[in-house]
Amino acid sequence: QVQLVESGGGLVQSGGSLRLSCAASGFTFASEYYVMGWFRQAPGKEREAVSCISGTDGSVYYADSVKGRFAISRDKARDRDMVYLQMDRLKPEDTAVYYCSAAASYGVLLTTQGEYDYWGQGIQVTVSS
């Protein structure tokens, strides 16, 4: 069973940085076949894609609102895969619950939540002005 566990959220001042981590385990197929993504949901808003990364060629996607400020990466340990979201120059509008996600896409980047099969429990990121 796939498990995704996020960590690294918290409270930061505007202009500051945070690094989110997601530990992924239990993949049925080789982990490189899974696209890993980060979504976020602010109060009263729909969940939106922030970034995702392919496991086959390392290609990435960023939402326009975070381009140039956020960076996604992934690496593989012996028993789990790690996905990171480095968030710099944070703004109050980045405040949301952030979710790690995964889908067996065989290298294709996916940017809508309905395309993802697995989700973490979510972690709060709050940026104060």
Side-chain angles (χ1 to χ4, degrees):
Q1 184 172 349
V2 176
Q3 288 192 319
L4 305 175
V5 180
E6 302 102 335
S7 60
L11 173 65
V12 65
Q13 287 189 331
S14 182
S17 298
L18 281 175
R19 188 193 195 205
L20 302 183
S21 300
C22 174
S25 60
F27 288 128
T28 301
F29 308 112
S31 60
E32 53 263 34
Y33 291 125
Y34 290 80
V35 61
M36 302 295 298
W38 287 97
F39 284 72
R40 67 186 181 186
Q41 187 166 18
K45 295 189 176 181
E46 293 188 353
R47 193 172 298 188
E48 63 176 358
V50 175
S51 181
C52 62
I53 183 168
S54 168
T56 55
D57 62 4
S59 57
V60 298
Y61 160 85
Y62 295 103
D64 288 342
S65 59
V66 306
K67 279 181 183 176
R69 300 188 298 120
F70 290 12
I72 191 170
S73 61
R74 64 189 287 174
D75 61 41
K76 185 176 178 62
R78 184 173 60 183
D79 61 347
R80 65 183 62 187
D81 288 74
M82 297 298 298
V83 181
Y84 306 98
L85 187 68
Q86 178 66 41
M87 304 185 294
D88 297 323
R89 303 199 307 277
L90 283 160
K91 304 175 181 179
E93 51 263 44
D94 294 318
T95 295
V97 177
Y98 284 70
Y99 297 89
C100 179
S101 58
S105 72
Y106 303 92
V108 177
L109 294 176
L110 304 176
T111 60
T112 59
Q113 62 171 322
E115 297 175 297
Y116 283 81
D117 302 306
Y118 308 104
W119 294 87
Q121 78 283 0
I123 193 164
Q124 180 69 46
V125 170
T126 302
V127 185
S128 62
S129 57

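Hydrogens, waters and symmetry mates play no part in the numbers below; they use all other heavy atoms, side chains included.
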Q. Would you call V66 and R40 a side-chain contact if the rule is heavy atoms closer than 4.5 Å?
A. yes
Q) Considering all heavy atoms of both residues, which atom of V35 and which atom of V108 are nearest to each other, and what is their separation? A) CB-O, 3.7 Å
**Q.** ILVMFWY cluster, L109 and Y118 together (side-chain gap under 4.5 Å)
**A.** no
Q | disulfide (SG to SG under 2.5 Å) pairs, two or more places apart, involving residues 31-76 | A | none
Q) Can you name the residues that form a side-chain hydrogen bond (donor to acceptor under 3.5 Å, both in side chains) with E6, not counting sequence neighbours? A) Q121
Q. By ring-ring contact (aromatic ring centres under 6.0 Å, His included), which residues pair with F39, not counting sequence neighbours?
A. Y116, W119
Q: Please identify each residue that fulfils salt bridge (Lys or Arg N to Asp or Glu O under 4.0 Å) with E115, with sequence neighbours left out.
A: none
**Q.** Selection residues 63-115 - residue pairs positive for ring pair (Phe, Tyr, Trp, His ring centres under 6.0 Å), sequence neighbours left out
**A.** Y33-Y106
Q) Which residues pass the side-chain hydrogen bond (donor to acceptor under 3.5 Å, both in side chains) test with Q3, sequence neighbours left out? A) none
Q) With ILVMFWY side chains joined below 4.5 Å, transitively, what does L11's cluster contain besides itself? A) none
Q. Tell me, do M36 and L4 make a side-chain contact under 4.5 Å, heavy atoms counted?
A. yes
Q: Not counting sequence neighbours, which residues clear side-chain hydrogen bond (donor to acceptor under 3.5 Å, both in side chains) with E93? List them please.
A: none
Q. Minimum heavy-atom separation for A49 to T111, with atom names?
A. CB-O, 3.3 Å
Q: Would you mind reporting whether Q113 and S101 have side-chain heavy atoms less than 4.5 Å apart?
A: no
Q: Ignoring hydrogens and angles, tell me if any N or O in the side chain of S51 forms a donor-acceptor pair with the backbone of Y61 under 3.5 Å.
A: yes
Can I get a per-line list of side-chain donor-acceptor pairs under 3.5 Å for residues 21-31, giving both atom names and the distance, sequence neighbours left out?
from: S31; atom 1: OG; to: K76; atom 2: NZ; distance (Å): 3.0
from: S31; atom 1: OG; to: D81; atom 2: OD1; distance (Å): 3.2
from: S31; atom 1: OG; to: D81; atom 2: OD2; distance (Å): 2.9

Q | Test salt bridge (Lys or Arg N to Asp or Glu O under 4.0 Å) applied to D64 - qualifying residues, sequence neighbours left out | A | K67
Q: Output all residues satisfying salt bridge (Lys or Arg N to Asp or Glu O under 4.0 Å) with R80, sequence neighbours left out; order by chain, then residue number.
A: none
(Q) Testing the basics here: between S17 and D88, what is the closest heavy-atom pair and its distance to 0.1 Å? (A) OG-OD1, 2.8 Å
(Q) I need the minimum non-hydrogen distance between R89 and R69, along with the two atoms involved. (A) O-NH1, 3.0 Å
Residues 122-129, side-chain donor-acceptor partners within the protein, below 3.5 Å, at least two apart:
from: Q124; atom 1: NE2; to: A96; atom 2: O; distance (Å): 3.4
from: Q124; atom 1: NE2; to: T126; atom 2: OG1; distance (Å): 3.2

Q: Drop me the distance from Y34's OH to D117's CG, to the nearest 0.5 angstrom.
A: 8.5 Å
Q: Please name the residue in the list L90, D94, L85 that meets the side-chain contact (heavy atoms from CB on, under 4.5 Å) test with L18.
A: L90
**Q.** Within-4.5 Å side-chain heavy-atom neighbours: L20 and M87
**A.** yes
